[in-house]
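Below: the structure, in structure tokens.
We name chains A, B, ... by the order of the sequence lines, and we start the count at 1 in each one.
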Amino acid sequence: MQIATWNVNSLRVRLPQLLEWLRTNPVDVLALQETKLQDADFPVAALEAAGYGVTFSGQRTYNGVAVLSRAPVTDLVTEVPGFEDAQRRVLALTTSGLRIIDLYVPNGQALDSEKFQYKLRWLEAVATWVAAEARAHERLVVLGDFNIAPEDRDVHDPAAWEGGVLVSPAEREQLQRLLAATGLIDVFRRFEQPAKSYSWWDYRMLGFRRNHGLRIDLILASPALAKRCRGCRIDIAPRRLERPSDHAPVLASFDLDETTRDGAPRD
DNA sequence: ATGGTAGTCTAACTA
């Protein structure tokens, strides 16, 4: 079972790249962010033809999340309980025995901005919701664009970023609180990784060519699922293409067989 | 000290 997340920064622009990527990376579940499409404009037919069911919560111009899945979907949620929000940033569903929560965390713009306060309030509400989902679902994956680099090793130049959004103590603490409250695990760090591994590079200042990136796209798994995670990697190939998204996809593979070859339960 | 690029939609906002 392969699961991935990709902030495509406009699904309309990136659809050809997405279809090509799915051909060579036939993942079972793909969480998308920043689709920037109203539901009526979602490219249902093209993705169904590629072998995926589509579930989406869209908005014109900004935000928008979607999940592509090979297996049927149930129990769709597109609102954070008790949190009024016109912005389409969350999508939860169940497929293949897994609870999937796709998140597009607010960027926050600047630490002294109204948008940063919104980011913190949003994270607070989402943490409460995800904690409830974690209690209800043993096999939970929370993935997406978190717009938070968890640690300094996830930042190309921590000194240059100090005092900025994506790395500030306030939002990092919110992320750590979410992990502590839910037991969720950042599976990327469960495996040996190349040094300076990032998932997002600014379009400006030759960010990608100089590997001036941040790792802000995460796959979090519940303890029961993290135990079954067999790998996690960032695929930077799409970031090299003409007219790329500023984010690269992140993939994780899970071994969900209930038993080993000799029939004994695996743990 | 500021700007650089991309997407949406042609003005300015968001990232």
Which value, in whole Å, describes the distance between the [atom1] atoms of nucleotides [N] and [M]?
| N | M | atom1 | value |
| --- | --- | --- | --- |
| B:dC9 | B:dG3 | P | 26 Å |
| B:dA11 | B:dA6 | C1' | 16 Å |
| B:dA12 | B:dA1 | P | 28 Å |

On DNA chain B, compare the nucleotides closest to A:Trp200 and A:Pro244; which residue's is nearer the 5' end?
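Result of the comparison: A:Pro244.
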Take A:Ser10 and A:Pro106, find for each the nucleotide of DNA chain B with the closest heavy atom, and name the residue whose nucleotide sits nearer the 5' end.
A:Ser10
B:dC9, OP1 or OP2 - any side-chain N/O from A:Thr61 closer than 4.0 Å?
yes
Quick one: is A:Arg243 getting a side-chain N or O under 4.0 Å of the B:dT5 phosphate, OP1 or OP2?
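Result: no.
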Pairs under 3.5 Å (N/O, protein and nucleotides 10-13 of chain B):
{"from": "B:dC13", "atom 1": "O2", "to": "A:Tyr62", "atom 2": "OH", "distance (Å)": "3.4"}

Would you indicate whether A:Arg210, at its atom CZ, is surrounded by more than 12 heavy atoms from other residues, nucleotides or ligands within a distance under 6.0 Å?
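Buried by this count: over 12 neighbours within 6.0 Å.
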Count the heavy atoms of every other residue, nucleotide or ligand shown that sit under 6.0 Å from CD of A:Glu151, and state whether that count exceeds 12.
yes
Using atom [atom1] of [X] as one end and atom [atom2] of [N] as the other, report the distance to the nearest whole Å.
| X | N | atom1 | atom2 | result |
| --- | --- | --- | --- | --- |
| A:Asp145 | B:dT14 | CG | P | 17 Å |
| A:Arg60 | B:dG7 | CZ | P | 17 Å |
| A:Glu34 | B:dT8 | CD | P | 10 Å |
| A:Gln38 | B:dT8 | CD | C1' | 12 Å |
| A:His247 | B:dA6 | NE2 | P | 14 Å |
| A:Tyr118 | B:dA15 | OH | P | 9 Å |
| A:Gln109 | B:dA15 | CD | P | 7 Å |
| A:Arg14 | B:dT8 | CZ | P | 8 Å |

Are A:Phe191 and A:Val250 co-members of a hydrophobic cluster defined by side-chain heavy atoms under 4.5 Å apart?
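A:Val250 and A:Phe191: separate clusters.
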Which of residues 202-215 of chain A have a heavy atom under 4.0 Å from DNA chain B?
A:Tyr203, A:Arg204, A:Met205
Quick check for you: to the nearest 0.5 Å, what is the distance between A:Glu133 atom CD and A:Ser222 atom OG?
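The OG atom of A:Ser222 is 11.5 Å from CD of A:Glu133, to the nearest 0.5 Å.
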Taking only distance into account, with no hydrogens and no angle test, what donor-acceptor pairs under 3.5 Å do side-chain atoms of residues 43-58 of chain A form with protein atoms, sequence neighbours excluded?
{"from": "A:Tyr52", "atom 1": "OH", "to": "A:Val27", "atom 2": "N", "distance (Å)": "3.4"}
{"from": "A:Tyr52", "atom 1": "OH", "to": "A:Val27", "atom 2": "O", "distance (Å)": "2.6"}
{"from": "A:Tyr52", "atom 1": "OH", "to": "A:Arg70", "atom 2": "NH2", "distance (Å)": "3.1"}

Are any of the side-chain nitrogens in A:Arg172 or A:Asp154 under 4.0 Å away from the carboxylate oxygens of its partner?
no
Strictly below 4.0 Å, N to O, side chains only: are A:Lys119 and A:Glu114 in salt-bridge contact?
no
Among A:Thr5, A:Leu143, A:Thr94, exactly one meets side-chain contact (heavy atoms from CB on, under 4.5 Å) together with A:Ile100. Which residue is that?
A:Leu143
Using the rule side-chain contact (heavy atoms from CB on, under 4.5 Å), only one of A:Val105, A:Asp102, A:Asn147 pairs with A:Gln33; which is it?
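The passing option is A:Asp102.
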Checking A:Tyr203 side chain against A:Asp246 main chain: does a donor-acceptor pair fall under 3.5 Å?
yes
